[in-house]
Amino acid sequence: MADFRVRVSTGKAFGAGTWDKVSVSIVGTREESPPLPLDNLGKEFTAGAEEDFQVTLPKDVGQVLLLRVHKAPPALPLLGPLAPDAWFCRWFQLTPPRGGPLLFPCYQWLEGAGSLVLQEGTAKVSRANHHPLLQQQRQEELQARQEMYQWKAYNPGWPHCLDKRTVKDLDLNIKYSTAKNANFYLQAGSAFAEMKIKGLLDRKGLWRSLNEMKRIFNFRKTPAAEHAFEHWQEDAFFASQFLNGLNPVLIRHCHYLPKNFPVTDAMVASVLGPGTSLQAELEKGSLFLVDHGILSGIHTNVINGKPQFSAAPMTLLYQSPGCGPLLPLAIQLSQSPGPHSPIFLPTDDKWDWLLAKTWVRNAEFSFHEALTHLLHSHLLPEVFTLATLRQLPHCHPLFKSTGIGIEGFSELIQRNMKQLNYSLLCLPEDIRTRGVEDIPGYYYRDDGMQIWGIPSSLETREALVQYVTMVIFNCSAKHAAVSAGQFDACAWMPNLPPSMQLPPPTSKGLATREGFIATLPPVNATCDVILALWLLSKEPGDRRPLGTYPDEHFTEEAPRRSIATFQSHLAQISRAIQERNRGLVLPYTYLDPPLIENSVSI
């Protein structure tokens, strides 16, 4: 006979408690005890409770290896067993007659009637589980996870994803919390109602003027959105968005002019100034290129019965000397130069140049939403997450309102998957490959490199560290950088139009204010996208900032110290970013650690 004390912690979330009956079996090196009821007077396992129970083992089970948790609905006289309800268990602490307490982290929902086996919280790789029972439990847990989380191909050429039809089919442990889910739909409902009352969601026609667009601009505007509204026509702001806007991953150093982008010295002399040339600036390293060639020939959408149009522009940029701004030098709206594909310049007529820049911004929208955001920050993280769930034991309305639609998105993802490589996902290597180590004012690079913080070097421990860092960075910091600013960039729609209703211009001198407005998306499509991006940019509560771990899976002192060191490092980074931002006209906040979610959460 041996008396054990069992301490149980129930989660604090809404609905975390249970009326079900819970018992435990203690698995030791000698044998396994029978189920031992955890039963005190009154109601057990209420939300937020930590409760103590005494249990008596009829025999000595030996050294404790595992804790088997049983959960079943209570039976009422005449009525029989009740329907089971879910329970969120944080942890069990088992104190044997001799020796210190053993902590068994759980941190998961237990749905229905059944059993769950927990290991003591010391982290172990497979070779550390010497006892056959531990090895067996590990294999059984992996097998159960692989049956629960299965792969499927959503579309040909896309990354594989979780084989579930709807969100309702998901396990409780990978769903939004009840509070977060309710908050999301409340926000969506209030925003939808506001647009509906203004009579904008049902208007399929054109905007009457740029001034009329201000009606929707007042919808939940932010300081960054107001800055975009005030400066969207300026060349310096246009160029700066390639560095610190919502798609800061495409700009690259231009070592030579592409043959299909025949910019001449005469075209750019007014921006470069006297005493220099394109060749001289190429040799200095002051020219940069943004190439949206992957959009060439992409399938386009139909909105309100009208076909939409797309372009695959090339943009040449110039880093002016000293602390001068990055400026656009030339824009070509296709990959094929010729008489019907002119090169647009800052010296052109105001509306010609503004329309060319707006086509580039539309290309940025398509590239960002399909690739930088959807593929790199959602679909690939789902691959990492699903692989983790399968292989490691426990120790969007946009499509109908964008210029390229779901078919264009799918085609872009298929094209980009063929180009995707490991280096592109590792920030230090990506920065080096694009040759943008020294371009000034590139806060995405500066802040991202601080958060990355890992030396580059899967055959070694260092390589494994880099791989895990890549996964964490892409699922947290990079997602924040390319997601949190979506509403800021699109709230003033001409700065980031989701679709274009007229084809790209094939000659100069024909653009007008009226033609510019006619090219922009219709009223209802504008509102659809702004609503969606407002929701996608706004975390619906239950925040878990980077470095915050409410689920205490690590019980040893060494990982606890590592977590504390990491949190201290993030706090230093945050202070440095906030200090720098105080001196900026437009602060770059998307990679401030307290604003970065631990993982993709929306």
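Not one N or O on the side chain of Asp488 forms a donor-acceptor pair closer than 3.5 Å with the backbone of Ala224. Under a 3.5 Å cut-off, the side chain of Ser240 and the backbone N or O of Leu326 do not form any donor-acceptor pair. Side-chain atoms of His299 never come within 3.5 Å of backbone atoms of Glu411 as a donor-acceptor pair (strictly under, hydrogens ignored). Of the possible polar contacts, one joining the Arg434 side chain to the Val249 backbone as a donor-acceptor pair under 3.5 Å is found. The closest donor-acceptor contact from the side chain of Gln501 to the backbone of Leu520 lies under 3.5 Å. Between the Gln308 side chain and the Thr402 main chain, no donor and acceptor come within less than 3.5 Å of each other. Side chain of Asn362 to main chain of Pro497: a donor-acceptor pair is present (N/O by atom type, distance under 3.5 Å, no hydrogens or angles). Proximity of a side-chain donor or acceptor of Glu382 to a complementary backbone N or O of Leu162 within less than 3.5 Å is detected. Looking only at distances, no side-chain donor or acceptor of Ser410 sits under 3.5 Å from a matching main-chain atom of Ile406. Side-chain atoms of Asn244 come within 3.5 Å of backbone N or O of Tyr444 as a donor-acceptor pair.
Side-chain contact between Leu591 and Tyr443 is absent, with no heavy-atom pair separated by less than 4.5 Å. The shortest side-chain heavy-atom distance between Lys284 and Gln319 does not fall under the 4.5 Å cut-off.
What you find for Asp352 and Ala511 is that their closest heavy atoms are OD1-CB, 3.2 Å.
One finds a salt bridge joining Lys357 and Asp235 here, because a Lys/Arg side-chain nitrogen approaches an Asp/Glu carboxylate oxygen to under 4.0 Å. Ion pairing between Asp446 and Arg580 fails under the 4.0 Å rule for side-chain N and carboxylate O.
Between His479 and His378, the angle of the ring planes goes over 60°, which puts this pair in the perpendicular group of the 30/60° scheme. Phe473 and Trp452 have perpendicular rings, their planes meeting at more than 60° on a 0 to 90° scale where under 30° would count as parallel. Note: Trp534 and Phe487 have perpendicular aromatic rings, judged against thresholds of 30 and 60 degrees for the angle between ring planes. In this structure, Tyr590 and Tyr588 have perpendicular ring planes: the angle between them is above 60°, well past the 30° mark. The aromatic rings of Trp351 and Phe516 are tilted relative to each other, their planes meeting at an angle between 30° and 60°.
In this structure, CE in Met493 is found 6.5 Å from CH2 in Trp207, a value given to the nearest 0.5 Å. Atom CH2 of residue Trp158 and atom CD1 of residue Ile413 lie 3.5 Å apart, to the nearest 0.5 angstrom. To the nearest 0.5 Å, atom CD of residue Gln332 and atom CD1 of residue Ile343 are 5.0 Å apart. Note that the CZ atom of Phe192 and the CD1 atom of Ile197 stand 10.5 Å from one another [nearest 0.5 Å]. Here the CE-OG distance, from Met314 to Ser296, works out to 10.5 Å after rounding to the nearest 0.5 Å. The distance from atom NE2 of His340 to atom CG of Leu333, rounded to the nearest 0.5 Å, is 14.5 Å.
Of the N and O atoms on the side chains of Asn416 and His376, at least one donor lies less than 3.5 Å from an acceptor on the other residue. For the residue pair Ser574/Gln578, the side-chain donor-acceptor check at 3.5 Å is satisfied. Side-chain atoms of His292 and Glu364 include a donor-acceptor pair closer than 3.5 Å. A donor atom on one side chain and an acceptor atom on the other are found under 3.5 Å apart for Ser286 and Glu281. No hydrogens or angles considered: nothing links the side chains of Asp265 and Ser277 as a donor-acceptor pair under 3.5 Å.
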